[in-house]
There are 2 protein chains.
Amino acid sequence: MDDRQALASFAALSQETRLQVVRTLVVAGPDGLAAGSIAERVGVSPSNLSFHLKELDHAGLISQRRESRSIVYSASYEALANLVKFLMEDCCSGHPGIRASLERSGDCCTGTTADKDATVA
Amino acid sequence: MDDRQALASFAALSQETRLQVVRTLVVAGPDGLAAGSIAERVGVSPSNLSFHLKELDHAGLISQRRESRSIVYSASYEALANLVKFLMEDCCSGHPGIRASLERSGDCCTGTTADKDATVA
DNA sequence: TCAATGTTTCAAGGATCGTTGAATCATGGA
DNA sequence: TCCATGATTCAACGATCCTTGAAACATTGA
């Protein structure tokens, strides 16, 4: 991931509504969610949501497909993973402090603590 | 890490100069770097740098201490680690895709694949 | 074709952000 | 005390971002 895309991703995630949208889509899974459904869950107007979806799409964090009348959005897990990697590489270079901090608290992706609260599927 | 701090961190990192500053400080290590030295390396005016440093400090990504005439800044490795964790928790919840993506390419912090290119200590 | 539904686009506004240079503050040495 | 150095603060300006509601577009079913 190059700097340009990382900057766009950080900018995309630095806005409350958009962070909520990403979270909602991540939880929704690969099947994604129609725009209207997202708007309802996040609590914003369709117009406003569309604005933010465009921003997320431009950053490459989500993808879309038309399904009948709806446009279905889904999180780009690959882009999110790349962003995590970008952040870790920047953090780790020259200093092992981050790695130590991460391991000390156990991260959510290694499977060891993945069952901490299984509320919804 | 709560949403407020994550949003502030993402906003802080979404600006080219600030991303450069963080990178510079991470590489510099725990000893940190004087403001003037940062300004020189990043290539911005002292005034402009001060503006961005304040932003990074407000997000909690850096810390400062006075040392004679200089003010020395250093990266907050803990805050950076927390941000990585925040991102991973958001990414992983409800879907293992990120974990798979991260492990597939080998991340720099887990130690298991840390020897992929051991250029510097 | 017509109407209904789901979504995006557009223009306008207010708010926030980033840059600049001059002024100010803090520290250390003569 | 006075001056030099290192850094921050301030005001002003342009640029970008976010929100809003109305209008437009795309798709489906009657």
Side-chain angles (χ1 to χ4, degrees), chain A residues 3-25 28 31-76, chain B residues 3-25 28 31-76:
Chain A
D3 281 21
R4 185 184 313 270
Q5 191 164 0
L7 289 167
S9 298
F10 286 136
L13 294 177
S14 71
Q15 211 281 334
E16 195 169 3
T17 298
R18 290 195 293 260
L19 183 60
Q20 277 305 116
V21 168
V22 169
R23 258 207 271 253
T24 303
L25 289 179
D31 287 350
L33 235 43
S37 184
I38 302 171
E40 191 182 9
R41 298 185 193 209
V42 174
V44 297
S45 73
S47 164
N48 192 10
L49 178 74
S50 197
F51 170 81
H52 289 302
L53 285 174
K54 198 167 53 180
E55 206 74 2
L56 288 168
D57 181 62
H58 177 259
L61 293 174
I62 62 174
S63 60
Q64 57 186 288
R65 67 179 194 276
R66 178 172 281 278
E67 201 154 287
S68 180
R69 260 179 279 211
S70 298
I71 296 184
V72 175
Y73 289 86
S74 46
S76 169
Chain B
D3 282 19
R4 186 184 312 273
Q5 192 164 0
L7 288 167
S9 298
F10 286 136
L13 294 176
S14 72
Q15 211 281 334
E16 195 170 3
T17 299
R18 290 195 293 261
L19 183 60
Q20 277 305 115
V21 168
V22 169
R23 258 207 270 255
T24 303
L25 289 179
D31 287 350
L33 235 43
S37 184
I38 302 172
E40 191 182 9
R41 298 186 192 208
V42 174
V44 297
S45 72
S47 164
N48 191 10
L49 179 74
S50 198
F51 169 81
H52 289 302
L53 286 174
K54 197 168 54 182
E55 206 76 2
L56 288 168
D57 181 62
H58 178 260
L61 293 174
I62 62 175
S63 61
Q64 57 186 289
R65 67 180 193 278
R66 178 172 280 278
E67 202 154 285
S68 181
R69 263 179 276 210
S70 298
I71 295 184
V72 175
Y73 289 86
S74 45
S76 168

S.K.: Whole-Å distance between D:dC18 P and A:Leu56 CG?
M.R.: 10 Å
S.K.: Which part of the nucleic acid does B:Ala39 contact within heavy-atom distance under 4.0 Å: base, sugar-phosphate only, or nothing?
M.R.: nothing
S.K.: Side-chain N or O of A:His52 less than 4.0 angstrom from OP1 or OP2 on D:dT19?
M.R.: yes
S.K.: Please report, rounded to the nearest Å, how far the P atom of D:dT16 is from the CD atom of A:Gln15.
M.R.: 18 Å
S.K.: Under 6.0 Å from the CZ atom of B:Arg4, do we count more than 12 heavy atoms belonging to anything else shown?
M.R.: no
S.K.: Which value, rounded to the nearest 0.5 Å, describes the distance between B:Leu19 atom CG and B:His52 atom NE2?
M.R.: 12.0 Å
S.K.: Roughly, in whole Å, what's the span from NZ in B:Lys54 to P in C:dT16?
M.R.: 15 Å
S.K.: Please check this pair: side chain of A:Thr24 against backbone of A:Gln20, looking for a donor-acceptor N/O pair closer than 3.5 Å.
M.R.: yes
S.K.: Determine whether a donor-acceptor pair (N or O, by modelled atom type, separation under 3.5 Å) exists between the side chain of B:Arg41 and the backbone of B:Gly43.
M.R.: no
S.K.: Which parts of residues 63-75 of chain B get close to DNA chain C, meaning a heavy atom less than 4.0 angstrom away?
M.R.: B:Arg66, B:Ser68, B:Arg69
S.K.: Starting from C1' on D:dC18, measure out to CG on A:Leu49 and report it in whole angstrom.
M.R.: 14 Å
S.K.: So, for B:Arg65 and B:Asp31, which heavy atoms are closest and what is the spacing to 0.1 Å?
M.R.: NH2-O, 3.1 Å
S.K.: Looking only at N and O atoms, is any donor in the side chain of B:Ser47 or the base of D:dT9 less than 3.5 Å from an acceptor on the other one?
M.R.: yes
S.K.: I need the CZ-P distance between A:Phe51 and C:dT7, as an integer number of Å.
M.R.: 19 Å
S.K.: Is there a side-chain contact between B:Leu25 and B:Leu56 in this structure, where contact means two heavy atoms from C-beta onward sitting under 4.5 Å apart?
M.R.: no
S.K.: Can you tell me how far C1' of D:dA22 sits from CG of A:Asn48, to the nearest Å?
M.R.: 15 Å
S.K.: Please name the pair of heavy atoms, one in B:Ser14 and one in A:Leu7, separated by the smallest distance, quoted to 0.1 Å.
M.R.: C-CD2, 3.6 Å
S.K.: Just the rounded figure in Å: distance from P of C:dT8 to CG of A:Leu53.
M.R.: 6 Å
S.K.: Quick one: B:Glu55 CD to C:dC17 C1', roughly how many Å, whole number?
M.R.: 8 Å
